[in-house]
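The structure appears below as structure tokens.
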Amino acid sequence: MTDTALETTPEETVPETLGRYRLAELMAQRFDLPVTADDVDELLARGELAEACRYKKWPVYSTAAALALEAGLIERTVTERTAWLEASLPLDEAAKRIGWHWHDLKRMGDEGRVTRRGDRYLLADVDRLAAEADGEQHITGKAAAEVLEIRHPVDWKYVEDAGWIEPAETYEQYVRGSRTRTLTVALYRLADVQALRDLPGVDWEAVRGLPKGAPSPLREYAHRAPSRAAVVRGWAQDLADRHSVTVWAWCSPYTGAWEVDWERLDGAPPKEQVARELSRRAAPSRVEPHRLMGPAPGPPNGAA
């Protein structure tokens, strides 16, 4: 704040500028209202106040401009804030209220399906979501297996391999004890998982309660879905056929990702072109452009 003072009465002076917290304290005294820094932020957002200058990189505001505001405006601002606090909850509490994960409620806020200000969510919208959007929560494969009362990962892997369900979203998670290796975690829409119970011809009762090590009855459905290795090698063969070059593909034991290399012959595609083709085609998600090898061609240690 500056050293210049604003004279208000013969007995009292206040600084010419103040930060939001001290300005709120001054306004609370002068207007006899429970003004907080959040009210100052709201007045700034509405254009009723503006930043005067910076003090040690922090914004400060004119005390004269703040004290010149109409008392009715300040009272309405305080009333609206207190009403919002009564009608809303912080993210964690709002999610706990309806038994959701905070990530799902935040996603609904990002999509504009629930009213929020900062980190607080309108209770009426939260309660409405509990009924209208039930089933739209995103859950892990392990949680999905629990919903179906089957084993994870044994039985759930066959559900995925059969192509009965697709992830709603994925995210990368560091492998425990590693700062470089990550795993792709898939999240599934709860309603899609619940709908699997009604798949025709699937005897879920025969799957439930199986002991560890017992073969899964779901195996018969999964044989139609190719393995990840088959999909990767199929994509590599397609690349070889299109460009008339030999292509190698192997899975790195260090990263868990598939790596691709090809002959450097006249007319062979450059790395940038293969990366573009990879992004346009339905290639496996674990084959990434930065895993395309070069410039020296050839598989490591005889990989094929």
Side-chain angles (χ1 to χ4, degrees), residues 91-92 95-108 110-111 129-130 133-235 250-258 282-288 291:
L91 175 59
D92 287 345
K96 184 177 180 180
R97 178 184 176 92
I98 59 175
W100 283 25
H101 191 279
W102 66 265
H103 181 273
D104 291 310
L105 186 56
K106 181 180 182 300
R107 175 168 47 84
M108 294 294 184
D110 293 341
E111 295 174 359
L129 282 177
D134 184 40
E136 295 189 41
Q137 302 96 314
H138 291 177
I139 60 176
T140 64
K142 182 176 181 180
E146 292 174 355
V147 170
L148 296 174
E149 301 178 64
I150 62 177
R151 297 171 299 179
H152 183 275
V154 178
D155 298 320
W156 178 252
K157 180 181 183 299
Y158 291 127
V159 171
E160 292 181 301
D161 290 346
W164 291 339
I165 193 168
E166 293 290 336
E169 63 172 316
T170 61
Y171 69 92
E172 295 299 313
Q173 177 177 292
Y174 282 106
V175 176
R176 181 177 298 178
S178 173
R179 296 183 178 181
T180 57
R181 291 188 60 190
T182 61
L183 292 175
T184 301
V185 179
L187 297 177
Y188 303 86
R189 185 171 173 267
L190 177 57
D192 294 338
V193 175
Q194 294 169 332
L196 293 176
R197 297 167 175 164
D198 299 322
L199 279 175
V202 179
D203 185 3
W204 291 108
E205 290 300 325
V207 186
R208 295 180 180 124
L210 288 175
K212 184 177 180 180
S216 174
L218 299 177
R219 289 182 303 172
E220 63 175 291
Y221 303 100
H223 73 278
R224 306 166 194 156
S227 67
R228 176 178 291 172
V231 174
V232 172
R233 292 194 173 101
W235 180 84
W250 64 94
C251 184
S252 169
Y254 305 104
T255 65
W258 282 82
S285 61
R286 291 306 301 274
V287 180
E288 302 172 0
R291 297 298 181 192

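Computed from heavy atoms alone, side chains included, the values below leave out hydrogens, waters and symmetry copies. Since the structure is predicted, the reported quantities are computational estimates derived from the model, not experimental observations. Count residues from 1 along the sequence.
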Considering non-hydrogen atoms only, spot the tightest contact between G135 and R189 and give its length. O-CG, 3.5 Å

Assess, by modelled atom type and distance only, whether the side chains of E172 and T184 contain a donor and an acceptor separated by less than 3.5 Å. yes

Sequence neighbours excluded - side-chain hydrogen bond (donor to acceptor under 3.5 Å, both in side chains) pairs with any residue from residues 205-214: E205-R208

I'd like to know if the side chain of E146 reaches the main chain of A144, judged simply by a donor and an acceptor atom lying under 3.5 Å from each other, with no hydrogens or angles considered. no

Side-chain (R151) to main-chain (P211) donor-acceptor, under 3.5 angstrom: yes

How far apart are the closest heavy atoms of P217 and L210, and which atoms are they? CD-CD1, 3.5 Å

Test: salt bridge (Lys or Arg N to Asp or Glu O under 4.0 Å). Region: residues 193-204. Which pairs qualify, not counting sequence neighbours? none

Any residue meeting salt bridge (Lys or Arg N to Asp or Glu O under 4.0 Å) with E166, in chain and number order, not counting sequence neighbours: none

Which atoms form the tightest heavy-atom contact between W100 and L105, and what is the distance? CE3-N, 4.2 Å

Please find the pair of heavy atoms, one from L148 and one from W204, that lie closest to each other, and give the distance. CD1-CH2, 4.1 Å

Carboxylate-amine/guanidinium contact R107 D110, below 4.0 Å: no

Identified side chain to side chain contact (heavy atoms under 4.5 Å, CB included) counterpart of Q137 within the set L187, V193, I98, D104: D104

